[in-house]
Amino acid sequence: MLTADIPPNQTIYIKNLNEKVKKEELRRSLYCLFSQYGRILDVVALKTQKLRGQAWVCFSEVTAASNAVRQMQGFPFYDKPMRIQYAKTKSDCLVEAEGVYDPNAKKKKKQEEKAERKRRAEEVQQSATANGSAADNNRGPTSFRPASGGGDQETIPPNNILFIQNLPHGTTSMMLHVLFQQYPGFKEVRMVEAKPGIAFVEFEDDIQSSMAMQALQGFKITPQNPMAISFAKK
DNA sequence: AGCACA
């Protein structure tokens, strides 16, 4: 019961998920929603009697998991508030192949499994960006860090309004409209004449804004201007 | 409610 007793883990355990959502959609949506906190290595969701309504999201860093546990606690996801804890055990996708003194078949099998999971993790990433293929060829080499401040941008809680930075001079709201309107729930773009380089883009809800953020993060209107998208502050 | 790795 004391969920606070579970020690920090790179993987978060989510329950109270809407059981009507199909497994692949669930994995994809969780990937989109949580990738704002860091690099996701795997999303596991099973629909067995025992495991439906639950999922595991494995991050590359514990700090990402910690932020996710705090910020997304109770987030209404498919109409149900998510209940998030640290996972109780380490995810298989993290087991390091350092069984040096155990040269038997077990090790080989583990490595095969690891490769298999890696492949599946890549699948998740692909399907996560499949609907935003406009951004794919446009994406920077690695994930882009928003420019301003020190860098705890990741701790801004979700918002249906996105804050866009690093836009090239001459960007118009029309241009952004075209780009963002392709994502469900799009409402409007707002730009401030007095402040070039930034914009606000409003969606109907936090989930839809998250999806668009994930899809267009780092999108380059010019090669020098990868978009830095974060949630607007309330 | 339920902690896995189809």
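In what follows, every chain begins at residue 1, and chains take the letters A, B, ... in the order their sequences are listed.
Contact annotation for K23(A): no contact, since no heavy-atom pair falls under 4.0 Å across all strands.
Projected onto DNA chain B by closest heavy-atom contact, L46(A) and Y86(A) fall at different nucleotides, the more 5' of which corresponds to Y86(A).
Whole-Å rounding puts the E19(A) CD to dG2(B) P distance at 13 Å. Whole-Å rounding puts the N16(A) CG to dC3(B) P distance at 15 Å. Here the P atom of nucleotide dA4(B) and the CH2 atom of W56(A) are 6 Å apart, to the nearest Å. L51(A) places its CG atom 12 Å from the C1' atom of dA1(B), with the value rounded to the nearest Å. Whole-Å rounding puts the Q54(A) CD to dA4(B) P distance at 9 Å. Across the protein-nucleic acid pair, L30(A) atom CG and dC5(B) atom C1' stand 15 Å apart, rounded to whole Å. The distance between atom CG of D42(A) and atom C1' of dA6(B), rounded to the nearest whole Å, is 12 Å. Rounded to whole Å, atom C1' of dA1(B) lies 13 Å from atom CG of L17(A).
One finds a salt bridge joining E24(A) and R27(A) here, because a Lys/Arg side-chain nitrogen approaches an Asp/Glu carboxylate oxygen to under 4.0 Å.
Every pair tested for salt bridge (charged side-chain N to carboxylate O under 4.0 Å, His left out) that includes a residue from residues 5-22 of chain A fails, sequence neighbours excluded, so the list is empty.
Side-chain to base pairing of S91(A) with dA4(B): one donor and one acceptor N or O lie within less than 3.5 Å of each other.
The distance from atom CD of Q10(A) to atom CG of D42(A), rounded to the nearest 0.5 Å, is 12.0 Å.
In this structure, the nucleotide among dG2(B), dA4(B), dC3(B) sitting nearest to the side chain of I6(A) is dC3(B).
Considering only side-chain N and O atoms, K50(A) lies nowhere under 4.0 angstrom from the phosphate OP1 or OP2 of dC3(B).
In this structure, F200(A) has its ring center under 6.0 Å from that of F163(A).
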